[in-house]
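Here the structure comes first, spelled out in structure tokens, and everything after it is commentary.
Source: prediction; values computed, not measured.
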Amino acid sequence: MSARDDTAPVTLHLDRVPGVLGRIVHERAADYAAADAALGAARARSHRFETALRQPGLSLIAEVKRASPSQGVIAPLEPLEAARAYEAGGARAISVLTEPRHFDGTAQALRDVVGGVTVPALRKDFVVHPAMLREAAEWGASAALLMVSVLHEATAEYLRMAHHLGLDALVEVHDERELDIALAAGAPIIGVNNRDLTTLHIDLEVSPRLIRRARDAGFTGVLVAESGYRTPQDLASVRELADAVLVGSSLAGSGDLTRAARDLMRA
């Protein structure tokens, strides 16, 4: 597999991304406008993130999330302390926000978590440039988020770049068209976000519907249900369908992260 060291970044059509998500991705694109697109030498993939999610039962990806556009400030979490609490509560992976303006995320938060827990970490950000994937690998993440709603037809190329860097990728979709793009790209891990990131509306019926569609299409990879889960009852519709669930706000704002993680995942 060759690197893209001497080529320009893949062109993204961010004008096609509306609403709140559009504003955020334009900000991130400006942040990385002058960044080097070179990936560097290929790195071996350990598949740590994927392997963690393939364990028996429904796996929890717990998110270090201090703020969000929909809720504002959630909790003044210390990232490593939060990640360790989640790990003690049974989380099999940690998602770490690195977007600074709307989620109060930092690169250091990810570095601290990677260095202080034994479970794999996901860099949660709005990837719009190859440099963001290179950073994820350099900071020690096991995986990065790729959003089909942002990358569209460039999803397959960004997936190739993530794999070149040794990263797993959580390829996120919200509707049937995006799912078809993720499947065509050959994504081994697909996340279904119940939240419409253009309006911030949550519909818990989205994940079970699209997960069934993926399985009906013959997908044998990992499927993750994302967003809006607060109680064990909320998970009933995906417990026998999904491999994992990604939960942020309800855990982060709970006041007792270890207990909240344990209680949520009780069958």
Side-chain angles (χ1 to χ4, degrees), residues 16-19 21 47 49-63 70 90-93 95 120 122 124 126-127 143-156 158-159 162-163 168-251 261 263-267:
R16 293 160 53 186
V17 184
L21 178 60
H47 300 272
F49 185 72
E50 180 178 357
T51 299
L53 304 190
R54 285 190 178 276
Q55 294 180 65
L58 188 65
S59 296
L60 173 63
I61 308 167
E63 192 156 85
S70 60
R92 293 175 177 171
S95 171
L122 166 75
K124 183 84 173 287
F126 299 81
V127 171
L145 177 69
L146 300 178
M147 301 171 67
V148 176
S149 57
V150 172
L151 301 174
H152 299 289
E153 62 273 8
T155 298
Y158 270 80
L159 179 62
H163 289 171
D168 287 329
L170 176 59
V171 178
E172 183 179 282
V173 306
H174 178 68
D175 58 28
E176 285 78 3
R177 184 190 64 82
E178 292 178 2
L179 175 60
D180 289 346
I181 290 173
L183 292 171
I189 309 170
I190 296 177
V192 180
N193 197 338
N194 293 312
R195 188 188 301 275
D196 182 338
L197 291 175
T198 64
T199 65
L200 303 183
H201 174 71
I202 290 177
D203 178 0
L204 294 184
E205 294 303 313
V206 173
S207 281
R209 184 181 78 245
L210 294 188
I211 287 173
R212 287 191 185 95
R213 179 185 173 102
R215 292 300 188 213
D216 289 345
F219 181 71
T220 59
V222 173
L223 286 163
V224 182
E226 305 174 23
S227 297
Y229 298 110
R230 294 184 171 276
T231 69
Q233 291 72 32
D234 290 339
L235 296 177
S237 64
V238 295
R239 189 171 289 279
E240 301 303 322
L241 292 173
D243 299 290
V245 60
L246 191 154
V247 184
S249 300
S250 66
L251 296 180
D263 288 349
L264 177 67
M265 300 307 291
R266 283 181 181 148

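Residues Leu235 and Met265 form a side-chain contact, since some pair of their non-hydrogen atoms from C-beta on lies under 4.5 Å apart. Between Arg92 and Leu60 the shortest side-chain heavy-atom distance does not fall below 4.5 Å. Side-chain contact between Thr198 and Val17: absent, with no pair of heavy atoms (C-beta onward) separated by less than 4.5 Å.
For the residue pair Ser250/Arg230, the side-chain donor-acceptor check at 3.5 Å is not satisfied.
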N/O donor to acceptor pairs below 3.5 angstrom from side-chain atoms of residues 218-229, sequence neighbours left out:
residue	atom	partner	partner atom	Å
Ser227	OG	Asn193	OD1	2.7
Tyr229	OH	Asn194	ND2	2.9

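No salt bridge links Asp203 with Arg195; every basic N to acidic carboxylate O contact stays at or beyond 4.0 Å. Taking a cutoff of 4.0 Å between a charged side-chain nitrogen and a carboxylate oxygen, Asp263 and Arg266 qualify as a salt bridge.
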Is there a salt bridge (charged side-chain N to carboxylate O under 4.0 Å, His left out) between Arg213 and Glu176 once you walk through the steps? CA-CA 8 Å; Arg213 179 185 173 102; Glu176 285 78 3; 5.1 Å; no
Intermediate values then yes/no, salt bridge (charged side-chain N to carboxylate O under 4.0 Å, His left out), Asp243 and Arg215: CA-CA 12 Å; Asp243 299 290; Arg215 292 300 188 213; 3.0 Å; yes
Step by step, work out the side chain to side chain contact (heavy atoms under 4.5 Å, CB included) result for Leu145 and Val171. CA-CA 6 Å; Leu145 177 69; Val171 178; over 6 Å; no
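Listed here is the closest heavy atom pair of Ile190 and Leu170: C-CD1, 4.1 Å. Between Ser207 and Val192, the shortest heavy-atom contact is OG-O, 3.0 Å.
Within the structure, salt bridge (charged side-chain N to carboxylate O under 4.0 Å, His left out) contacts touching residues 49-59 (residues at least two apart or in different chains) are Glu50-Arg54.
Judged purely by atom type and a 3.5 angstrom limit, Asp234 uses its side chain to pair as donor or acceptor with the backbone of Thr231.
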